[in-house]
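Report on the structure given below.
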Amino acid sequence: MLNIYNSLTNRKEVFIPIEPHKIRMYVCGMTVYDYCHLGHARVMVVFDMVYRYLQAAGYQVTYVRNITDIDDKIIKRANENGEPFQALTSRFIDAMHEDERALKILPPTHEPRATQSIAGMIQIIETLIEKGFAYVGRNQDVYYDVSQFEGYGKLSGRKLEDLRAGERIAIDEVKDDPLDFVLWKAAKAGEPAWDSPWGNGRPGWHIECSAMSMELLGHHFDIHGGGHDLQFPHHENEIAQSEACHGHTYVNVWMHNGFIRINDEKMSKSLNNFFTIRDVLQSYKAEEIRYFMLNSHYRSPLNYSNESLDNARAALTRLYTALRDLPVGTVLARSDYEQRFRAAMDDDFNTSEAISVLFELAREINRVRQEDLSQAANLGATLKYLAGILGLLDEEAEAWLRGGSQTTGLSDATIDNLIRQRLEARTNKNWAESDRIRDELKAQGVILEDKAGHTTWRRA
RNA sequence: GGCUGGGUGGCAGAGUGGUCAUGCAGCGGAUUGCAAAUCCGUCUACGCCGGUUCGAUUCCGACCCUAGCCUCCA
């Protein structure tokens with residue numbers, strides 16, 4: 001039985017889909033004006049893991065992850081670059097897809113863009129105005145009237161008076177209440193704009209997700225996810241808009257992933273302490289990034305450091321080493337390993353515990369491979385199968401181990417050649433020469449392992 | 001100030017009212033020409049102070065420290 005922690009109720013709940021065997025899930029994606037950083041990578045990886053596991057658990061999942069391709073930052077950046085905003089966004093959408101492919105992120109079922117749902121947004125705003133939840137402000141922007149929505153604050157656990165008492169609420173003459181948020185922004189000269197009943201303008205940030213999710217998933221769906229920082233105000237506002245518009249529950253389960261940190265501080269654009277995915281891919285394999293993220297629970301903060309990535313590399317090396325040289329096997333049906341793996345995943349996606357099962361499989365493979373190779377192969381198939389649910393261990397073991405972090409100066413052919421020379425020395429019991437060659441390779445980041453009849457190698 | 005979280009062994013990171021997380025590192029052994037890899041064994045824990053309990057790292061309360069949100073942010 002699957003349990004998911006629901007940010008709306010602050011506790012784990014038994015998950016019951018609205019329609020049996022089907023799940024409709026929406027995740028807030030990127031605003032595309034720059035390269036994705038590790039924080040974005042975490043959202044991608046976490047919800048990719050969720051998507052994969054829900055499917056492995058037998059659900060038919062419709063997964064929507066949007067792209068925000070119009071907003072103030074995009075306009076600003078496009079102006080700085082002196083290019084149309086569409087040129088900017090399409091470039092970074094391509095870059096994002098490249099990063100996702102590297103990280104083995106499965107494409108969502110739908111990937112809608114804000115600019116393609118303007119009509120839907122206008123429709124919602126019109127309904128909100130009709131129902132008295134929205135008004136045109138003194139600057140021609142359209143605002144949501146927070147005081148009209150009874151449940152405002154239920155997701156983030158805030159009360160309106162607490163919010164008003166907040167230190168950072170600025171007085172704003174154009175709104176009735178400083179907490180009211182913008183649904184539609186009137187365009188200034190030269191800004192991208194769409195025609196609307198309130199004049200030329202563009203959507204506010206929150207409305208796009210209400211419109212896109214509604215178009216693709218209906219007015220009521222199962223899971224809505226995103227980074228923890230979106231809980232307030234973004235998701236709170238989404239609930240306010242959608243539920244005021246349709247008059248019933250918008251989403252059953254809200255999921256929020258924790259942040260990536262640098263030196264115990266949130267990684268973010270505003271703090272300028274971020275690493276882009278492509279930065280990190282210079283020194284580490286994508287799978288190492290993925291493992292690093294999955295090794296801790298999705299709601300925990302995750303401190304980024306080279307040590308953590310090195311750790312991930314060592315862990316993956318151990319798993320791939322167990323898989324190396326195994327014949328093809330059959331996945332063990334209903335094994336104790338699989339049951340414990342699923343039990344861990346059913347407990348709010350406890351990937352850390354699920355991964356520990358992978359290591360137990362690896363140990364068992366190593367234990368039995370001498371006496372019972374076919375059993376080892378079956379265990380190996382089981383290991384690959386379970387790891388696959390997390391999007392791990394998808395590579396061929398030998399290739400992964402030889403791949404290393406980055407290509408060393410030595411070519412595979414050179415390495416093989418040196419190994420041949422060393423083999424000759426060993427046949428003649430010329431240990432000094434044999435060790436010299438091994439040290440030489442080690443200095444180049446190549447580690448040798450002498451087996452019964454042959455020598456294998458891997459890059460450190 | 002309001003609201004959420006978190007403090008676990010050398011490091012990373014799960015979890016539990018009374019037997020093991022797991023990975024890396026350390027130590028001892030097996031194996032090896034020596035290594036590497038692997039296997040077996042093994043050591044360093046649960047912020048602080050009280051309470052509940054036969055027993056608490058795990059439940060309750062206070063305290064200290066720390067992160068996040070309250071402004072764009074994954």
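Chain letters run A, B, ... following the sequence lines, proteins first, then strands; residues in each count from 1.
The nucleotide B:G9 finds no pairing partner, because no Watson-Crick or G-U wobble arrangement with both distances shorter than 3.5 Å includes it. Here B:U31 sits opposite no nucleotide as a Watson-Crick or G-U wobble pair (both hydrogen-bonding atom distances under 3.5 Å). Across the strands present, B:A62 finds no partner; the criterion is a Watson-Crick or G-U wobble pair with both atom distances under 3.5 angstrom. Pairing partner, B:C69: B:G2, with both Watson-Crick or wobble hydrogen-bond distances short of 3.5 Å. Across all strands shown, B:U42 forms a Watson-Crick or G-U wobble pair with B:G26, both key distances being under 3.5 Å.
Residues A:N257 and A:K266 both approach RNA chain B. Their nearest nucleotides, taken by heavy-atom distance, put A:K266 toward the 5′ side.
Using a 4.0 Å heavy-atom distance criterion, A:L358 is classed as making no nucleic acid contact. Among the protein residues, A:M44 comes within range of no part of the nucleic acid, since none of its heavy atoms lies under 4.0 Å from any strand.
In the set B:U22, B:A74, B:G68, the nucleotide with an atom closest to the side chain of A:S356 is B:U22.
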_Protein proximity profile, nucleotides 2-17 of chain B - base contact B, sugar-phosphate-only contact S, no contact -, cut-off 4.0 Å on heavy atoms_ = BS-S-------SSS--

*Heavy atoms under 4.0 Å is the rule here; annotate nucleotides 29-39 of chain B 5' to 3' with B where the base is hit, S where only the sugar-phosphate is, and - elsewhere.*
----BBBBSSS

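Not counting sequence neighbours, the partners of A:R324 by the side chain to side chain contact (heavy atoms under 4.5 Å, CB included) test are A:T321, A:A397, A:E398, A:L401, A:E449, A:K451, A:T456.
Between A:D435 and A:R438 there is a salt bridge, with a side-chain nitrogen of the basic residue lying less than 4.0 Å from a carboxylate oxygen of the acidic one.
Taking atom C1' on both B:A45 and B:U16, the two are 14 Å apart, rounded to the nearest angstrom. A distance of about 44 Å separates the P atoms of B:G26 and B:A62, rounded to the whole Å. Comparing B:A12 with B:A21, their C1' atoms are spaced 13 Å from each other, to the whole Å.
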*asked:* salt bridge (Lys or Arg N to Asp or Glu O under 4.0 Å) for A:R340 and A:E360? Distances and angles first, verdict last.
replied: CA-CA 11 Å; A:R340 282 188 294 133; A:E360 288 177 41; 2.9 Å; yes

